[in-house]
Amino acid sequence: MAQKDATPQTTAPLADPGQVKRGNLNSIVQSQLEKAARAINLSKDVALILSQPKNEIIVNFPVRMDNGTFQLFKGYRVQHNNILGPFKGGIRYHEDVTLDELKGLAAAMTWKTALHDIPFGGGKGGIKFNPRGCSKSELERITRRYTHALGSNIGPEFDIPAPDVGTNAQIMVWLMDTYMNVVGFEEKNAVRRVVTGKTITAGGSYGRESATGQGVVHCIVEWARAKRFNLNGCTYMVQGYGNVGSWASKILSKMGATLVATGDYKGYIHNPEGINTHKLADYVTKTGSVADYKGAKAITRDEFFQVEADIFIPAALELEIDEKEARALRCKLIVEGANGPTYPEAEPILAEKGIDVLPDILVNSGGVMVSYFEWVQNKGSERWDLEEVEQRLEHGMKRTYAQVQELTLEKKIDYRTAAYAIGLRRMEQAYSERGIFP
Ligand code: NAD
């Protein structure tokens, strides 16, 4: 991409938090990096390197639609950093996808894998369109054309996509199939791990579909243990009832917690007596939304944020909790299932109200952890059973949670700054050992 200003940059651009561009996820993620960098006195050189992604790839590709006409799509892949391992991150299909949003999400993947000591880097990709407006065969052709347009910019040891908003296991299988059919017969089966989050038959891992929601719940359990808070009988609300929101809800309800409100792109619903999480998930699978679900009353988005519940799980899109929502919320804990749901301006309001915030890079990493397990299984032609995957996931989530909690207490910093700091220290160590080449 052409740059407006070719002057080399010598310091990370957002050293002054006052420069953060409102509503720009990339700018917010970078400001969070700056805050953590100050807390641990991170090397200025490392902060500079991490302030921009390594590669920003944009592809424009035509697709033949069902009515026979061609439509031109814009696809992206941002590769933020790979010093700790291959670029890794989801593919998003959404009408609001932008390069800047993906830059922020790709950077967050870098901190996330570093925090959990997963030997991957960070990346994110997407296509700007509304997948709900397309037929299954159009989605298949869009996915295959996008994969082909990316070509060797992705690869099983280089950059490994996964599902994100608007994509699922079927889309990952089309991506894998397209990639494996262009590398040649001999290589074909060896490259399954070019993508994770596949169906089980195509080489996916048991436990991947539920992994992010399960990881969210592991963090809630650890928080509750430290606070001596009883989850059995507590209430919670969830924004977004897709992969992350529905799985977190189903697992929490098994523990005796009650879902009292939820909502998505089409509407919000409330029932103080409780909503059946499994029936609601079946309803969403059939209709695509929680709107008009019979077991609850329709409410507005504003009313949703005023619902009384012990725990709030944002699991939709980024930048949903601004100052207004922070003032309205009446929970004890926010668990960021979504990436980047909270505005920096909302954080002091939440802190003032005594609401804890468990950050995205800690909480929603169950997905990338099991993606890593899937990649390792594919590489060794292995198949682990569900119990083994779940045990490894629980161990990984709890180990990282304990490290973050320890640092919050030691440095008297919030969970987000502590989580960033742990990841950044690992990266700083890698750069201090390896330097830059040539
Ligand atoms: P999904 O597509 O399965 O579900 C997204 C949900 O958000 C849907 O219920 C959708 O209706 C809702 N939504 C979309 N636009 C909305 C709007 N404007 N207002 C309210 N709700 C809206 O996606 P997902 O995989 O569950 O991802 C949800 C979040 O979790 C995203 O931020 C994603 O980046 C993050 N995440 C996902 C994974 C994963 O493994 N799937 C891993 C880590 C993080």
Side-chain angles (χ1 to χ4, degrees), residues 25 29 88-97 101-102 104-109 111-113 115-116 118 122-126 130-132 139 161-172 195-198 204-205 207-216 219 237-250 261-269 280-281 283-285 287-291 293 299-302 304-305 313-321 325 335-342 359-374 393 397:
L25 183 71
V29 168
K88 183 84 189 92
I91 300 276
R92 179 170 289 199
Y93 287 177
H94 196 275
E95 55 275 27
D96 296 335
V97 161
E101 173 195 60
L102 295 175
L105 292 167
M109 281 303 295
W111 329 140
K112 197 182 296 185
T113 50
L115 163 64
H116 289 270
I118 296 168
K124 204 85 180 186
N130 175 7
R132 289 182 289 269
L139 281 177
D164 189 70
V165 173
T167 56
N168 56 24
Q170 172 64 78
I171 286 171
M172 297 307 112
V195 63
T196 59
K198 304 181 286 285
S205 176
R208 173 62 184 88
E209 201 198 325
S210 56
T212 308
Q214 178 67 72
V216 166
C219 290
M237 52 197 250
V238 178
Q239 188 193 32
Y241 210 76
N243 174 283
V244 180
S246 67
W247 275 105
S249 298
K250 286 187 276 188
T262 184
D264 60 23
Y265 79 103
K266 238 176 148 182
Y268 290 82
I269 57 173
L280 182 62
Y283 177 81
V284 172
T285 305
T287 66
S289 163
V290 302
Y293 177 66
I299 53 171
T300 64
R301 184 181 180 281
D302 281 354
F304 173 78
F305 279 95
I313 307 171
L317 296 179
E318 57 273 8
L319 302 179
E320 285 289 328
I321 309 169
E325 288 78 14
V335 192
E336 292 184 340
N339 282 309
T342 313
D360 47 7
I361 64 164
L362 169 63
V363 159
N364 68 25
S365 47
V368 69
M369 206 175 278
V370 176
S371 273
Y372 170 60
F373 300 159
E374 179 177 333
L393 172 64
M397 293 299 302

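Each ligand, and each atom within it, is numbered from 1 in the order the structure gives. Just so you know, these numbers use all the heavy atoms, side chains as well, and skip hydrogens, waters and symmetry mates.
Side-chain contact check for Asn243 and Asn168: no donor-acceptor pair (N or O, by modelled atom type) lies under 3.5 Å.
No donor-acceptor distance shorter than 3.5 angstrom exists from the side chain of Glu336 to the backbone of Asn364, with no hydrogens or angles considered. A distance-only check finds a donor-acceptor pair linking the side chain of His116 to the backbone of Ile361 [under 3.5 Å].
Of the residues listed (Tyr268, Tyr283, Tyr241), the one engaging Tyr293 in a ring-ring contact (aromatic ring centres under 6.0 Å, His included) is Tyr283, and it is the only one. Of the residues Leu317, Leu105, Val244, Ile91, the one that meets the side chain to side chain contact (heavy atoms under 4.5 Å, CB included) test with Val165 is Leu317.
Among protein residues, Arg92, Asp164, Val165, Gly166, Arg208, Thr212, Gly240, Tyr241, Gly242, Asn243, Val244, Asp264, Tyr265, Tyr268, Ala315, Ala316, Leu317, Gly337, Ala338, Asn339, Asn364 come within 4.0 Å of ligand 1, judged on heavy atoms.
Asp164 pairs by the salt bridge (Lys or Arg N to Asp or Glu O under 4.0 Å) definition with Arg92, Lys124, not counting sequence neighbours.
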